[in-house]
J.: 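Take this structure first; my questions come after.
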Protein chains: 2
Amino acid sequence: MNPELKKLSEVLKNKGQSLTNPRKLVFEVLSSHKPQTMNELINLLGKSVDRASVYRTVGLFESLGITQRLALGWKYKIELSDAFTHHHHHFSCMKCGLIITLQDNSDLEASISLLAKSQGLTMTDHQLEIRGLCQDCASST
Amino acid sequence: MNPELKKLSEVLKNKGQSLTNPRKLVFEVLSSHKPQTMNELINLLGKSVDRASVYRTVGLFESLGITQRLALGWKYKIELSDAFTHHHHHFSCMKCGLIITLQDNSDLEASISLLAKSQGLTMTDHQLEIRGLCQDCASST
DNA sequence: GCATTATTGCGACATAATTGCAATAACTGG
DNA sequence: CCAGTTATTGCAATTATGTCGCAATAATGC
């Protein structure tokens with residue numbers, strides 16, 4: 001069992017949830033692909049996991065903090081949460097739809113938590129999407 | 001005609017689009033309310049604008065840069081774009097659903113554009129959502 | 001392994017979004 | 001300011017997306 005899957009198994013067990021086949025499959029698709037819309041997820045899984053179960057699994061994963069949903073482009077997408085990947089932000093190319101993962105930046109993170117703190121807000125999470133044109137699209141315009 | 005509406009009229013005319021009543025109404029609701037989900041928008045407009053026309057209008061507004069959609073909490077919401085309001089970010093309380101508008105912060109904005117630039121990306125737009133607990137919910141826990 | 005309990009897949013339902021088309025309203029030139 | 005032209009609307013039908021109850025099935029603890 002690969003280490004990622006092992007971690008999933010532990011998280012589930014900790015919360016009194018079982019590691020079922022559909023959950024493994026959903027997790028595997030999420031760990032081997034970029035952020036997915038629900039439909040992409042459902043299509044990738046084909047008939048190996050039922051539509052309803054995909055929704056239920058994603059709902060469970062979200063409530064356990066295994067995945068997070070975020071808005072990219074125009075659709076919301078699902079990706080593994082920071083506990084399974086490294087915290088990052090996203091860039092979406094509005095022309096070709098390319099999504100780029102942007103690595104963490106301490107200045108940025110500091111500004112964000114400062115902003116929350118200055119308003120007396122308790123931040124658990126945040127997400128930033130930068131939209132624009134990727135290098136290829138920008139140069140071919 | 002109020003100045004906001006005047007601006008809308010100009011933008012539409014510039015793009016060869018007409019200023020129709022439904023478009024005015026949708027715009028008015030958006031300028032006098034916090035970010036709206038499609039359904040909130042549809043309900044607020046009642047039978048004065050048909051469901052389908054609300055979708056079509058929002059689609060048009062988005063393509064012209066009059067509105068932008070953003071994911072807050074778990075739902076998509078529509079708001080006027082930066083050209084009609086001031087640039088800002090959002091905080092969503094994950095307990096009570098409260099949405100707070102966060103005023104611009106130059107450090108933050110600088111970090112964001114730097115991040116994009118360092119990757120050779122052309123940024124046209126960005127959005128940040130901070131999630132957590134508002135003051136009331138944090139203190140009543 | 002076997003019993004217990006949670007989870008799944010299926011079909012039915014509910015809600016959200018899109019489309020074709022005839023009726024209507026907005027813009028243009030006179 | 002009016003009539004002709006063209007885009008836009010409202011309506012009804014359709015499709016897509018998400019949810020639910022329940023019997024069959026699979027996972028866990030012993």
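Residue numbers start from 1 in every chain, and the chains themselves are labelled A, B, ... in the order their sequence lines are given, proteins ahead of strands.
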J.: Suppose we screen for ring-ring contact (aromatic ring centres under 6.0 Å, His included). Which residues come up paired with B:Phe61, at least two apart in sequence or across chains?
T.: none

J.: Which residues end up grouped with B:Leu114 if you chain together Ile, Leu, Val, Met, Phe, Trp and Tyr wherever their side-chain heavy atoms are less than 4.5 Å apart?
T.: none

J.: Scan B:Thr37 against the nucleic acid and name what it touches under 4.0 Å (heavy atoms): base, sugar-phosphate only, or nothing.
T.: nothing

J.: Identify the residue among A:Leu8, A:Thr67, A:Leu44 that makes a side-chain contact (heavy atoms from CB on, under 4.5 Å) with A:Leu30.
T.: A:Thr67

J.: How many Å lie between NZ on B:Lys15 and C1' on D:dT8, as a whole number?
T.: 19 Å

J.: Return the CG to CG distance between A:Asp82 and A:Asp125, rounded to the nearest 0.5 Å.
T.: 6.5 Å

J.: For B:Glu109 and B:His87, which I'm curious about, is there any donor-acceptor pair between the side chains at under 3.5 Å?
T.: yes

J.: Would B:Glu28 and B:His33 count as having a side-chain donor-acceptor pair, cut-off 3.5 Å?
T.: no

J.: Starting at CG of B:Asn105, measure out to OG of A:Ser118 and round the result to the nearest 0.5 Å.
T.: 7.5 Å

J.: D:dT8 C1' sits how many Å from B:Leu60 CG, rounded?
T.: 11 Å

J.: Measure the angle between the two terminal helix axes of the helix from C:dG1-D:dC30 to C:dG30-D:dC1, five base pairs each, and quote it to 10°.
T.: 60°

J.: Measuring from A:Glu62:CD to A:Arg69:CZ, what's the distance to the nearest 0.5 Å?
T.: 4.0 Å

J.: List, one per line, each side-chain donor-acceptor pair under 3.5 Å for residues 13-20 of chain B, sequence neighbours excluded.
T.:
residue: B:Thr20; atom: OG1; partner: B:Arg23; partner atom: N; Å: 3.4

J.: Going by side-chain hydrogen bond (donor to acceptor under 3.5 Å, both in side chains), A:His90 matches just one of A:Glu79, A:Glu129, A:Lys77. Which one?
T.: A:Glu79

J.: Going by atom types alone, do B:His88 and B:Gln127 pair a side-chain donor with an acceptor below 3.5 Å?
T.: no

J.: What is the distance, rounded to the nearest whole Å, between atom CD of A:Glu62 and atom C1' of D:dT19?
T.: 15 Å

J.: In whole Å, I'd like the distance from the CG atom of A:Leu64 to the P atom of C:dT7.
T.: 10 Å

J.: Pull out every protein N or O sitting under 3.5 Å from an N or O of nucleotides 10-17 of chain C, one pair per line with the distance.
T.:
residue: C:dA16; atom: OP1; partner: B:Asn39; partner atom: ND2; Å: 2.7
residue: C:dA16; atom: OP2; partner: B:Asn39; partner atom: ND2; Å: 2.9
residue: C:dA17; atom: OP2; partner: B:Tyr55; partner atom: OH; Å: 2.2
residue: C:dA17; atom: O5'; partner: B:Tyr55; partner atom: OH; Å: 3.0

J.: Set out, line by line, the N/O atom pairs under 3.5 Å between protein and nucleotides 23-30 of chain C.
T.:
residue: C:dC27; atom: OP1; partner: B:Leu19; partner atom: N; Å: 3.2

